[in-house]
Each structure stands twice: as C-alpha cells, then as structure tokens.
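Written out below as structure tokens is the structure these notes cover.
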2 protein chains.
Amino acid sequence: MRHRLKDVAERAGVSVKTVSNVVNGYVHVRPDTRARVEEAIAELNYRPNLSARHLRKGRTGVIALAVPELDIPYFAELARHVVTAAADFGWTVLIDQTGGGREQERVVASGITDHLIDGLIFSPLALTAEDLASLDGTPMVLLGERIDHGPADRVVIDNVGAAREITSHLIGLGRRRIAVVGSQRTDEGASARLRLAGYADALRAAGLDYDEALVAPAPAWHRADGAAAMRGLLTSGVRPDAVFCFNDTLALGALRALHEAGLRVPEDVAVVGFDDIEDGRFSIPTLSTVAPDKAQIARLAVELLANRLDGDRTAPAREVSAPYRLEFRESTQTP
Amino acid sequence: MRHRLKDVAERAGVSVKTVSNVVNGYVHVRPDTRARVEEAIAELNYRPNLSARHLRKGRTGVIALAVPELDIPYFAELARHVVTAAADFGWTVLIDQTGGGREQERVVASGITDHLIDGLIFSPLALTAEDLASLDGTPMVLLGERIDHGPADRVVIDNVGAAREITSHLIGLGRRRIAVVGSQRTDEGASARLRLAGYADALRAAGLDYDEALVAPAPAWHRADGAAAMRGLLTSGVRPDAVFCFNDTLALGALRALHEAGLRVPEDVAVVGFDDIEDGRFSIPTLSTVAPDKAQIARLAVELLANRLDGDRTAPAREVSAPYRLEFRESTQTP
DNA sequence: AACGTTGCCTACAACGTTGTACAAACGGTG
DNA sequence: CACCGTTTGTACAACGTTGTAGGCAACGTT
C-alpha cells in the first residue's frame with residue numbers, strides 16, 4: 001500500500017539513488033530527470049520512511065519535551081511554545097509526561113532517550129545532577145531549574161530575583177503579614193526553595209521578620225493544594241494581609257479558599273502568583289503574577305538544542321537566562 | 001558510545017540473534033546463556049534501537065495524539081488520560097498540536113502519519129470526511145465529533161443529548177431567556193452545531209421560543225472569546241437570565257464579563273459550561289457543567305486503536321460512545 | 001542401532017534509506 | 001582529435017534489528 005524509493009525509481013525509469021537525490025534536493029540532477037521523478041513521486045504519493053532514514057542518517061527530526069504534568073496550565077502553555085519554536089527548525093515534538101517523581105523522571109530521561117529522538121528538552125522537578133550524569137548520549141536541555149552544575153545546557157529564570165520583586169511589591173502596598181503558599185521541604189522542590197529564598201530576602205530588606213507560621217507547604221502545586229494550604233493558614237489563626245503563592249494554580253486555589261472564608265481580595269488579603277497562566281487573566285479577581293517569557297524560554301531551549309546537535313557535543317554546558325516581568329492585576333490593586 | 005546487539009553478543013560469546021531472542025523474551029534459551037547475555041546487557045547498558053526495530057518489524061510502539069490546542073485545558077486533560085491509557089499497552093504517545101484549521105489538520109494527519117507512528121488518535125475541528133478518505137495507511141481513531149460517516153473508528157459523546165439535558169436543567173430552574181455562547185457558522189464547528197441542536201431541542205420541548213438574538217457566536221473557544229461574546233450579548237440589550245456556554249473556557253470568560261458588568265451569578269444569570277475542566281471546580285463561582293468521562297474516552301480510543309492494529313485493518317469502522325454526567329455547582333445553584 | 005523429536009543456537013537475508021565509489025556521457029580546450 | 005574536468009547517473013554496502021531456515025546435540029522411541 002505504501003510505496004518505497006524503489007517503486008518510484010521503477011516508475012520513473014531511474015535508479016533508487018537518483019530518486020533519493022531528488023527527494024533530498026541534491027543539485028546534479030538534470031531538470032527533465034528531476035521532473036520525471038517528481039511526477040512519479042506525486043503519482044504514487046510517495047513519502048519517505050523516517051525510520052529507515054533515521055537508521056541511515058542518525059537523525060529523526062523528532063525532539064522530545066518532558067514535563068511533569070500537562071494539565072498544569074503552565075506546562076501546557078510552555079509545550080505550545082516549544083512546539084511552535086521547534087517547527088522553525090523542522091522538528092516534530094514528542095511530548096511526554098513524567099509525573100514529576102524522581103524515579104519516573106529517571107525512567108523517562110533514560111528511556112525516551114533511547115533512540116527515537118534527536119534531543120530532549122526536560123523540565124525536571126526532582127531529578128538530581130547525579131541522575132543526569134548517568135545519561136550518556138542524547139543531547140538535553142533543562143528548563144527552569146538549576147540542578148546544581150549538571151552536565152546539561154539549561155534555560156533558567158531568576159527565581160530568587162522574581163520572588164524578591166513580587167514580595168517587595170506586596171510590602172510596598174503596605175502589607176506586613178505576608179504568607180507563602182507552596183513551600184516544599186523535600187529536595188524535589190528546587191523552585192520552591194529558590195522562591196522562598198527570594199521571599200525571605202525581600203522581608204529582610206524591608207526589616208520584617210520571617211515567620212514560620214506564615215509559610216504553608218503544598219505537596220503539589222494544583223488548585224486543590226492551594227485551596228487546602230490557604231484553608232490551613234486561615235484556620236491556624238494567623239491572619240495574613242497578603243499571600244505569595246509559588247504558582248498561579250496554587251493562587252487560584254487560594255482565591256477560592258479566601259472567597260469561601262468570606263475574605264475580600266485584595267481589600268483584606270492581597271494575592272500574587274507565579275507563571276502568568278491564562279486563567280489568571282480571567283479569574284475573579286484577576287491575578288497579579290510573575291510572568292516568565294514562555295515564548296522566549298521555549299525559543300532559547302530549542303536553540304540550545306540545535307546548537308548542541310549541530311556543534312560540538314562535548315563543549316561545556318551553557319546556561320542562558322530568560323526574562324520575566326511582573327503583571328499587576330486586580331488581586332493586588334484596589335479598584 | 002551507544003552499544004548494539006553485536007557488542008553484547010561479542011561480550012557474551014553468543015550470536016547476535018541469541019541476544020535478540022533474550023531481549024524479546026524468546027523461550028528457548030538456556031538459563032545460563034540467558035544469564036550471560038543479560039549480564040552483558042547490563043554491563044554495556046544496552047538499549048535497543050527503535051528505528052531499526054521499526055524498520056524490521058513495521059511497528060514503532062509510538063502512537064500520536066493530535067489535538068487543536070494544548071493550552072485549552074480540556075485537551076490537556078484529555079492528553080494526560082491518553083498518555084496513561086496508552087502506557088498500559090506499552091505505547092509512547094507523541095502529542096501534536098494542529099492549531100485547528102482544516103489545512104493544518106490535513107498536514108498533520110497526512111504528515112505525521114508518514115512512518116514514525118503505529119497509529120493516530122485525532123481530535124479534529126475542521127477536517128472533513130473527504131480529507132480523511134485521502135489518508136490511506138495508518139490506523140486512526142477520531143475523537144469527539146462525528147465527521148459524517150468517514151472511514152475511521154470514532155469515540156463520540158452524545159453532544160445533542162448532553163446539551164439538551166443541561167439546557168433543560170436551566171429551564172427547570174425557572175430560567176426562560178437562555179442565551180448561548182459559542183455558536184459557529186462555519187463547517188468547522190461540528191460540536192457547536194450539535195450542542196446548538198440540543199439546546200434548541202430543549203427549548204422546543206419546554207415550549208420556549210428560539211431567539212436568534214440570544215445566540216452569540218465565538219470564533220474560537222478561549223476565555224477571551226467567551227468574555228467578548230458575553231459582553232456583546234449584554235450590550236446588545238438582550239437580558240438573558242441564563243447562559244449555556246459551549247465549553248468551560250468560554251464559560252469562565254463569560255463569568256468574568258458578567259462580573260465586570262456587575263451581574264451576580266447565579267442570582268441574576270445562571271451559567272453552565274461543557275467539559276468539566278479543573279478550573280471550573282475552583283472558579284468563583286464554581287461552574288456547573290457537562291462532564292464527559294475523559295478517562296473513558298481516552299481508554300476507548302486507545303482500545304479501538306489497539307484492535308485496529310492487531311486485527312483486521314479493513315474491517316468496517318466502529319463507533320463507540322463514552323458516557324457523560326451533569327455536574328451542578330454554584331453557577332446554577334443559589335446557596 | 002537407527003530414527004525422529006525437541007531444545008538451543010547460528011548464519012543469512014531483509015526492512016528502506018543514504019554515503020561512497022565509480023562509470024558514462026558531455027562539453028570545452030590544446 | 002585526444003585529453004581532461006564536470007555533470008549525471010548507477011551499484012553496492014551499511015545503519016541495527018528480527019524472521020527464516022537450518023545445524024547440531026541430547027534425548028526417547030522403535
């Protein structure tokens with residue numbers, strides 16, 4: 001049913017290699033030969049077999065993007081941008097969910113890596129530099145977090161700086177009892193640690209005390225976790241006048257919990273998130289947040305991967321930084 | 001750097017094929033030979049080359065899922081379920097965004113199909129039965145919509161019935177001026193047409209008039225479109241007491257627009273959506289909606305594909321139906 | 001003792017493609 | 001007209017894997 005180079009060659013009356021040359025745009029093919037071959041290709045609706053091509057050339061034209069969870073909007077939006085950026089390089093993107101656990105991430109990183117793909121863009125939650133070191137072979141670009149100094153290229157954003165700035169914004173509004181939602185004790189929460197550090201920095205700079213009671217952990221960063229953490233804070237008796245949630249989905253959950261408790265946002269409690277997902281632009285109230293430039297993150301990641309693929313695979317790992325900006329919306333601004 | 005069967009074979013002192021047999025779990029291999037081979041595999045960290053395997057076997061172990069947009073939460077959630085269901089069959093899922101236009105969908109359907117994948121699960125917005133017919137080869141399962149009677153297997157939900165039920169629910173609440181957000185005139189909106197039909201059915205059954213002025217079109221089904229359509233309805237002077245949005249993101253946008261207009265939900269206007277995305281469980285107010293069983297849709301799709309791959313490829317196309325239920329939340333219930 | 005039968009393993013070819021080496025045809029030059 | 005370089009095409013091998021055919025022991029059966 002499916003045709004091969006050989007079929008096209010027979011139909012056009014040339015050798016298999018000549019058809020291959022036409023398909024690959026090789027120059028030295030007489031115009032009339034080329035025309036005959038192209039006609040045969042069209043008639044048979046020939047399409048190259050990518051597996052065979054890969055086997056021969058060592059390239060598939062497919063890269064993978066591994067993220068913890070697709071139904072966390074931040075990763076879905078990021079995935080969209082990566083797909084778009086990769087298209088400019090002629091790549092198809094295979095998207096994979098890791099689930100976020102260390103073991104699962106190891107499996108994906110080593111398993112996916114196998115042979116189908118040319119490279120991997122990886123957004124790890126729990127993977128350690130040690131795990132990475134054991135992954136020889138496929139070029140990889142890490143997203144978002146610093147796994148100390150592992151061997152791979154990375155695109156990072158300044159988590160500490162961003163967290164400091166958005167916390168300072170809350171302080172600038174006159175808020176003094178600023179709670180945190182989303183801290184994580186485990187090693188898995190690199191983002192959480194960095195954002196907490198930025199928060200603490202900002203408090204210190206403003207001469208405010210760091211109060212452990214205001215820091216609410218969240219096992220994962222879904223809406224439900226945010227709502228639960230916020231309820232926990234409220235019932236514990238602490239009365240925050242602002243909340244810094246470590247991502248937007250946590251913040252949306254927190255908004256919900258505040259609403260249920262009858263507290264007004266931002267009048268009673270100001271709320272900020274992190275990620276700038278689309279939901280936050282339509283929530284009630286709309287959500288102030290740190291907006292990492294996702295398109296830029298995606299583009300940088302794809303470019304790093306392209307450089308690595310075309311260039312020196314043993315060159316030292318590069319780290320590039322993507323910009324962010326703060327978005328001030330209703331959740332911190334009285335109308 | 002990467003090892004092949006040959007390397008393992010040399011190390012274990014057996015033939016290449018024997019190693020292949022061990023890898024594939026062939027029975028007739030003496031235990032001690034098997035042990036030797038497995039040891040060599042472990043030492044060299046051998047991993048099979050999937051391209052070569054595919055070239056030889058005609059199977060990749062990869063299926064593709066093509067959806068219009070990943071940052072529409074419904075599709076992200078669906079993707080997650082498909083990945084999970086596919087894992088049970090030992091498949092990796094390659095996720096692709098089509099963008100939703102007819103031409104783009106054709107490109108994806110025919111292009112992706114090429115050779116890397118065993119099968120395709122496709123959620124089309126605009127593709128016609130005609131387009132599909134021209135895609136020979138790769139088995140395909142269509143999701144969600146009925147492209148008349150095309151040649152492919154499908155998983156559908158009863159859009160008309162679900163729309164009728166949720167509209168009837170609104171009527172049962174005493175609402176009489178029920179608006180619609182999300183209608184589409186083009187051929188692209190199969191869902192829109194079916195849901196509109198269900199809406200009209202329910203009105204008719206209740207003896208209510210169908211009023212064109214209450215039907216607001218939406219070019220796409222994002223939050224922004226829902227907000228714009230709702231604003232349009234409000235400024236046009238019609239005063240709906242309920243709104244049926246054709247999906248949840250539209251509904252979230254509509255909630256926003258109603259909030260900005262100072263209208264209370266559900267007291268002044270009841271709102272329902274369709275899809276049951278996570279956002280709707282945390283929005284303010286929480287959103288009543290039609291909840292298709294996404295896990296079931298995903299499982300059925302993967303099973304259909306598996307049957308098609310293992311069984312008769314020329315058997316007539318099958319159509320299976322996935323269940324849904326109604327979720328009543330705050331947006332239709334006064335506390 | 002001769003004969004299958006079974007278990008275990010090997011050699012070879014093939015999947016569809018492209019790089020390499022080379023042959024044939026062509027055109028221009030001395 | 002002999003020579004040479006360029007253009008255009010071909011044949012062959014190889015990428016890493018698995019299906020097929022078959023060989024060789026070891027065993028039980030006649």
Side-chain angles (χ1 to χ4, degrees), chain A residues 1-41 44-62 90 111 113-118 137-138, chain B residues 1-41 44-62 90 113-118 136-138:
Chain A
M1 195 84 290
R2 198 130 237 172
H3 299 287
R4 303 152 302 162
L5 280 182
K6 196 173 159 217
D7 304 318
V8 179
E10 278 168 10
R11 191 174 189 100
V14 295
S15 79
V16 171
K17 189 64 217 290
T18 299
V19 180
S20 168
N21 286 336
V22 170
V23 170
N24 291 281
Y26 180 68
V27 236
H28 296 310
V29 180
R30 239 182 333 177
D32 62 319
T33 311
R34 181 183 299 275
R36 249 188 9 262
V37 170
E38 279 171 348
E39 192 180 348
I41 289 177
L44 295 178
N45 189 27
Y46 166 78
R47 306 175 153 276
N49 179 322
L50 296 184
S51 287
R53 179 176 282 174
H54 178 218
L55 181 58
R56 186 61 239 241
K57 303 227 293 185
R59 286 279 190 99
T60 46
V62 177
T113 282
D114 280 3
H115 277 271
L116 263 182
I117 59 166
D118 295 339
T138 322
Chain B
M1 193 86 289
R2 198 129 236 171
H3 299 287
R4 303 155 300 164
L5 281 181
K6 196 173 161 221
D7 303 317
V8 179
E10 278 167 12
R11 191 174 191 101
V14 297
S15 79
V16 170
K17 188 64 215 294
T18 300
V19 180
S20 169
N21 286 337
V22 170
V23 170
N24 291 282
Y26 180 68
V27 236
H28 295 309
V29 180
R30 239 184 332 181
D32 62 319
T33 311
R34 182 182 299 276
R36 250 191 5 265
V37 170
E38 279 170 348
E39 192 179 349
I41 288 176
L44 296 178
N45 189 28
Y46 165 77
R47 306 176 152 275
N49 179 322
L50 295 184
S51 288
R53 178 176 284 174
H54 177 218
L55 180 60
R56 183 63 240 236
K57 302 225 295 183
R59 287 279 191 101
T60 44
V62 177
T113 282
D114 280 4
H115 276 272
L116 263 181
I117 58 167
D118 295 340
D136 48 307
T138 323

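Chain A is the first sequence line, chain B the second, and so forth, proteins listed ahead of strands; every chain is numbered from 1. Since the model is a prediction, treat every value here as computed from it, not as a measurement.
Contact detail for A:R4 and A:Y46: the closest heavy-atom pair is C-CE1, 3.6 Å. Annotation for A:K6 and A:V16: closest pair CA-CG2, 4.0 Å, computed over non-hydrogen atoms.
Ranking D:dT17, C:dT17, D:dT8 by closeness to the A:L5 side chain, first place goes to C:dT17. Checked against C:dA14, C:dC9, C:dG16, the side chain of B:T33 finds its nearest nucleotide in C:dC9. Distance from the side chain of B:T18 is smallest for C:dT10 among the nucleotides C:dT17, D:dG19, C:dT10.
Among the candidates B:R53, B:K57, B:H54, the single residue satisfying the side-chain hydrogen bond (donor to acceptor under 3.5 Å, both in side chains) test with A:S51 is B:H54.
Between A:R53 and C:dG16 there is no side-chain polar atom (N or O) within less than 4.0 angstrom of OP1 or OP2. For B:S20 and D:dT18, the shortest distance from a side-chain N or O to OP1 or OP2 is below 4.0 Å. A close approach under 4.0 Å does not occur between any side-chain nitrogen or oxygen of B:R30 and OP1 or OP2 of C:dG7.
Each of B:K17 and B:L55 was assigned the nucleotide of DNA chain D with the nearest heavy atom; the assignment lying further toward the 5' end belongs to B:L55. Positionally, the nearest nucleotide of DNA chain C for B:A52 lies more toward the 5' end than for the other of B:A52 and A:N24.
Note on B:V16: a base of the nucleic acid sits closer than 4.0 angstrom, heavy atoms only. Within 4.0 Å (heavy atoms only), B:Y26 reaches no atom of the nucleic acid at all.
With hydrogens and angles ignored, no donor-acceptor pair closer than 3.5 Å exists between the side chain of A:R56 and the base of C:dT17.
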